[in-house]
2 protein chains.
Amino acid sequence: MRYASTHKNETRQKLLDSSRAIAKKGGFASTGVDALMASIGLTGGAFYSHFPSKQALFEALVAEEMENSSSMLAGDKDAPDNHVAKCVRDYLSSFHAMNPDVGCALPVLGAEIARAGPEVRSTVEAALKRTQKSWSARTGDADAAWALIAQCVGAVVLARAVESERTRKEILAASRRFIDKAERKGASAPTSS
Amino acid sequence: MRYASTHKNETRQKLLDSSRAIAKKGGFASTGVDALMASIGLTGGAFYSHFPSKQALFEALVAEEMENSSSMLAGDKDAPDNHVAKCVRDYLSSFHAMNPDVGCALPVLGAEIARAGPEVRSTVEAALKRTQKSWSARTGDADAAWALIAQCVGAVVLARAVESERTRKEILAASRRFIDKAERKGASAPTSS
DNA sequence: GTCTATACGTAGATAGAC
DNA sequence: GTCTATCTACGTATAGAC
């Protein structure tokens, strides 16, 4: 064979990695197959040796993204006590707000996911529940776990939607302070930073 | 003249109203000018008598949307004490999650707004600040005001991104309960329902 | 597996008749 | 102001040569 047996997998992974950043920066629908392939040095026609359709790439992309995110956010059994607080701080950082291409997929692709098929949304749901369960176990408050995730996603959406750097930082900082306050005031199981 | 002097304004408003629903249902970029015009019984060519470009329609649309939302959320001086709590309950309702076309623009258009120009983002910023200031004054907690807005937007994004109705309702209910709890435990100025 | 060429649809926008 | 026709660009996807 003219190509090594690992070549296809390598190319597929390069395509996924590159598409990930491009989709998170500019939206998935907004970028064409030609541009995605060009970003890894290939032409558009070669795309269909790796995915049957652009939609299939979206599904694979979201699956990978959510797998990465939930692994990072859920943490493993060796994670420190302040794991959740640390995740929230990172999520609500200016760096995250200003670099969507290396950040969480939900604030950028949330609307596109909402309009996608059941497979995509099931994948997202499973990943979200994994994070929620982990945070729930760590903090002892199931409602707060969902609320934390929601607030993180929402704050990043807001931070990216406003114009001034001042307001962007204000939104993120206010969210961080609010979570710190709520945590101190009250969970049934204190696991704060 | 062959058209009444009010005709242009009426058509423009019909276009805005129709585009509003379509954009919130399927995204702004995903729908073409022809389809937008067809939804009010006109053809694509007539669009450019009302807006110089599709982008200009987006700006007008977002401005109107944010004006409507912030008016409703900020409330007027006659609003009852539980105004904020009532807004949050409505925002976090299943109805809102399942009917994006008549709901808040931020969860659907947030990513597109983030990629838009400074004019659009400034408009959004002003509207958000208006709501935040109002809620801040009513609850006496400036951080909580931003956090509440963020949590509302994020919860709706999440609720729409998951597949099962069960999880969708769980996310919304958990967020509502969390806010109720946080409110009872603690703001400096108790203005709860 | 990747290329070029191409089919085919639709996008945003413009020109000129009415 | 609205229409039809059209330009140009780009979208997804396929066919066949290498």
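Here is the naming used below: chain letters follow the sequence lines, and residue numbers restart at 1 for every chain.
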From [options], residue fulfilling side chain to side chain contact (heavy atoms under 4.5 Å, CB included) relative to [X]:
{"X": "A:S19", "options": "A:D17, A:I22, A:L15", "answer": "A:L15"}
{"X": "B:E125", "options": "A:I171, A:L158, A:V162", "answer": "A:V162"}
{"X": "B:T11", "options": "B:Q13, B:H7, B:K8", "answer": "B:H7"}

Atom-to-atom span, [atom1] of [X] to [atom2] of [N] - whole angstrom:
{"X": "B:F47", "N": "D:dC3", "atom1": "CZ", "atom2": "P", "answer": "14 Å"}
{"X": "B:K8", "N": "D:dG1", "atom1": "NZ", "atom2": "P", "answer": "4 Å"}
{"X": "A:M37", "N": "C:dC3", "atom1": "CE", "atom2": "C1'", "answer": "11 Å"}
{"X": "B:Y48", "N": "D:dT6", "atom1": "OH", "atom2": "P", "answer": "18 Å"}
{"X": "B:H50", "N": "D:dG1", "atom1": "NE2", "atom2": "P", "answer": "6 Å"}
{"X": "A:Q55", "N": "D:dA13", "atom1": "CD", "atom2": "C1'", "answer": "15 Å"}
{"X": "A:R12", "N": "C:dT2", "atom1": "CZ", "atom2": "P", "answer": "13 Å"}
{"X": "B:D34", "N": "C:dA13", "atom1": "CG", "atom2": "P", "answer": "12 Å"}

Exercise. Across the strands shown, which category fits B:G45 at heavy-atom distances under 4.0 angstrom: base, sugar-phosphate, nothing?
Worked result: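 Base contact.
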
Exercise. Looking at the side chain of B:L42, which of C:dT2, D:dC3, C:dA13 is the nearest nucleotide?
Worked result: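 Minimum distance to the B:L42 side chain belongs to D:dC3.
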
For this session: Please determine, for the side chain of A:H7, which listed nucleotide (C:dT2, C:dA13, D:dA13) has the closest atom?
Result: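 It is C:dT2.
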
Exercise. Would you say a side-chain N or O of B:T11 is under 4.0 Å from OP1 or OP2 of D:dT2?
Worked result: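 Answer is yes, contact under 4.0 Å.
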
Exercise. Taking only side-chain nitrogens and oxygens of A:T43, does any of them come within less than 4.0 Å of OP1 or OP2 of C:dC3?
Worked result: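 Affirmative; the distance criterion is met.
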
Problem set entry | Axial bend angle, the helix from C:dG1-D:dC18 to C:dC18-D:dG1: five-pair end segments, nearest 10° |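 Roughly 0°, once rounded to the nearest ten degrees.
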
Exercise. For A:A35 and A:P52, take the nucleotide of DNA chain D holding the closest heavy atom to each; which residue's nucleotide lies nearer the 5' end?
Worked result: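 Between the two, 5'-proximity favours A:A35.
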
Exercise. Please walk me through it: do B:R130 and B:S134 pass side-chain contact (heavy atoms from CB on, under 4.5 Å)?
Worked result: CA-CA 6 Å; B:R130 181 179 164 195; B:S134 163; 5.9 Å; no

Exercise. Parallel, tilted or perpendicular: which fits the ring planes of B:F178 and A:F178, with parallel below 30° and perpendicular above 60°?
Worked result: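 Taking A:F178 first and then B:F178, their aromatic rings stand perpendicular (interplane angle over 60°).
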
Exercise. Which heavy atom of A:S175 sits nearest a heavy atom of A:L92, and at what distance?
Worked result: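 Nearest pair, atom of A:S175 first, then A:L92: CB-CD1, 3.9 Å.
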
For this session: Could you tell me which non-hydrogen atom of B:M66 sits nearest to which non-hydrogen atom of B:A127, and how far apart they are?
Result: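 Heavy atoms of B:M66 and B:A127 come nearest at CB-CB, 3.6 Å.
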
